[in-house]
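A, B, ... follow the sequence lines: proteins, then strands. Residue 1 opens every chain.
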Amino acid sequence: MFENYEIPDTGFYLRDTLTVSKDLLGKFLVRKFRSRYAAVKIVETEAYIGGHDPASHAFGRITKRNSVMYGPAGRAYVYFIYGNYFCFNTVCGKEGEGNAVLIRAGEPAAGSDLMKKYRPRPKNELELTNGPSKLCMALNIDLEMNSSDITNPENSVFIADSRKKDKFEIITSKRIGLNKGSDFPYRFFIKDNPYVTRHKFNNVLL
DNA sequence: GACAAGATTAGCT
DNA sequence: GCTAATCTTGTCT
């Protein structure tokens, strides 16, 4: 079904990272399995900027883990955290800058039976994809997809955009789960979408 | 080598 | 709301 969708090209990701974060809302994160797709509509994102942003993995020097963030835009940056979980990001901006957008939550759009296979027995429907690592479990995303090109619909993970655009309001807030750099208003989500992670910051309009 | 911290989640109070 | 689980990564020695 996603063959006929628009696929944002590298130019989409080359722009300002905060702009890309907002523009990713409403688009689809698609996971291609052998002959089927699973996909979520992106409803919540966070921007991480290289250099001046102490919360970013690219705050310091280039290391083995963060090197993908410094590479070309339009790639996936997947990392492993807390001994259990994966998070999925899209690399943005010019090569060498070290910018990325974390996909924090999604709304199931296709293949939810497949997602339930990879993430069995969620407490309820929302629990399937309402968190950065829940999303990765449901779509079976792991380090194998690190650095893969998400502008190529032949690959096992890519971003797609419906030709029919939904209208929605975007809310900006502080980012979640950080100790350092938590003051930056770099989190964006679709207003009133039930899959957005619940948090006290959701009521803070910036 | 050793050690502390981490862009989270699940489970319990 | 609070906290343990769990292990990779980066930094320091």
Side-chain angles (χ1 to χ4, degrees), chain A residues 13 17-18 20-22 24-25 29 40 42-71 73 75-93 97-108 115-147 150 157 159 171-190 194-204 206:
Chain A
Y13 302 96
T17 305
L18 298 179
V20 177
S21 302
K22 284 181 262 193
L24 278 172
L25 294 174
L29 173 59
V40 297
I42 297 167
V43 301
E44 180 178 350
T45 60
E46 279 180 0
Y48 289 87
I49 315 290
H52 78 274
D53 175 5
S56 174
H57 287 174
F59 181 55
R61 62 192 72 208
I62 297 181
T63 63
K64 189 182 165 195
R65 179 174 68 162
N66 68 20
S67 61
V68 176
M69 286 182 77
Y70 291 96
R75 302 288 189 87
Y77 168 48
V78 182
Y79 64 86
F80 185 68
I81 189 76
Y82 294 119
N84 266 322
Y85 305 112
F86 296 101
C87 291
F88 179 88
N89 301 248
T90 66
V91 177
C92 299
E97 288 180 341
N99 303 329
V101 177
L102 169 70
I103 309 299
R104 278 196 61 85
E107 176 183 325
M115 292 191 239
K116 281 173 188 158
K117 193 174 123 198
Y118 291 109
R119 180 167 161 70
R121 293 182 291 283
K123 275 208 291 277
N124 55 54
E125 286 297 310
L126 298 178
E127 290 279 325
L128 190 58
T129 52
N130 68 346
S133 297
K134 295 174 191 174
L135 191 72
C136 286
M137 287 185 245
L139 294 176
N140 195 33
I141 289 172
D142 60 25
L143 286 178
E144 273 186 38
M145 278 136 232
N146 193 26
S147 90
I150 55 173
V157 62
I159 303 287
I171 311 282
T172 304
S173 85
K174 296 178 179 182
R175 292 174 294 182
I176 290 183
L178 305 181
N179 291 315
K180 291 172 275 187
S182 52
D183 286 340
F184 292 86
Y186 287 175
R187 173 171 174 255
F188 308 95
F189 59 90
I190 294 179
Y195 287 88
V196 170
T197 55
R198 297 293 158 184
H199 199 275
K200 57 185 174 183
F201 292 155
N202 285 9
N203 298 320
V204 181
L206 296 172

Report task. Identify, between A/Met137 and A/Lys180, the residue whose nearest nucleotide on DNA chain B lies closer to the 5' end. Result ->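 By nearest-heavy-atom nucleotide position, the 5'-most residue is A/Lys180.
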**Report entry** Side-chain (A/Glu44) to main-chain (A/Phe188) donor-acceptor, under 3.5 angstrom
**Finding:** no
Base, sugar-phosphate alone, or nothing: which one does [X] contact when heavy atoms must sit under 4.0 Å apart?
X: A/Arg119; value: sugar-phosphate
X: A/Asn179; value: sugar-phosphate
X: A/Lys134; value: sugar-phosphate
X: A/Arg104; value: sugar-phosphate
X: A/Phe80; value: sugar-phosphate

Whole angstroms only, please: what is the [atom1]-[atom2] distance between [X] and [N]?
X: A/Ile141; N: B/dA7; atom1: CD1; atom2: P; value: 18 Å
X: A/Asn84; N: C/dA5; atom1: CG; atom2: P; value: 12 Å
X: A/His57; N: C/dT8; atom1: NE2; atom2: C1'; value: 11 Å
X: A/Ile81; N: C/dT9; atom1: CD1; atom2: C1'; value: 9 Å
X: A/Arg121; N: B/dA10; atom1: CZ; atom2: P; value: 12 Å
X: A/Phe59; N: B/dG6; atom1: CZ; atom2: C1'; value: 16 Å
X: A/Arg198; N: B/dT9; atom1: CZ; atom2: C1'; value: 17 Å
X: A/Ile176; N: C/dG1; atom1: CD1; atom2: P; value: 13 Å

Given [options], the nucleotide with the shortest approach to the side chain of [X]:
X: A/Arg65; options: C/dG10, B/dT9, B/dA7; value: C/dG10
X: A/Glu127; options: C/dT11, B/dA10, B/dA7; value: B/dA10
X: A/Tyr48; options: B/dA7, B/dA10, B/dG6; value: B/dA7

Query raised in the report: Is there a donor and acceptor pair, one atom on the side chain of A/Tyr79 and one on the base of B/dA7, closer than 3.5 Å?
Result: yes
Report task. For atom CD of A/Glu127, decide whether the heavy atoms of other residues, nucleotides or ligands shown that lie under 6.0 angstrom number more than 12. Result ->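 Yes, CD of A/Glu127 has more than 12 neighbouring heavy atoms, counting only those of other groups under 6.0 Å.
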Report task. Please check if any side-chain donor atom of A/Arg75 sits under 3.5 Å from a side-chain acceptor atom of A/Ser147, or the reverse. Result ->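 A/Arg75 vs A/Ser147: no donor-acceptor pair found between side chains.
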Query raised in the report: Considering Watson-Crick and G-U wobble pairs with both distances under 3.5 Å, what does C/dC2 pair with?
Result: B/dG11
Query raised in the report: B/dT8 base stacked by A/Tyr85? Criteria: ring centres under 5.5 Å, plane angle under 30°.
Result: no
Requested in this report: Kindly assign one of parallel, tilted or perpendicular to the pair A/Phe86 and A/Phe80, based on the angle between their ring planes and the thresholds 30° and 60°.
Outcome: tilted
Query raised in the report: Does a salt bridge link A/Glu46 with A/Arg104, judged by any charged N lying under 4.0 Å from a carboxylate O?
Result: yes
Query - Residue closer to the 5' end of DNA chain C, A/Lys64 versus A/Gly83 (nearest nucleotide) - result: A/Gly83
Query raised in the report: Hey, would you say the A/Tyr79 and A/His57 ring centroids sit under 6.0 Å apart?
Result: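 Ring-ring flag for A/Tyr79/A/His57: true, centres closer than 6.0 Å.
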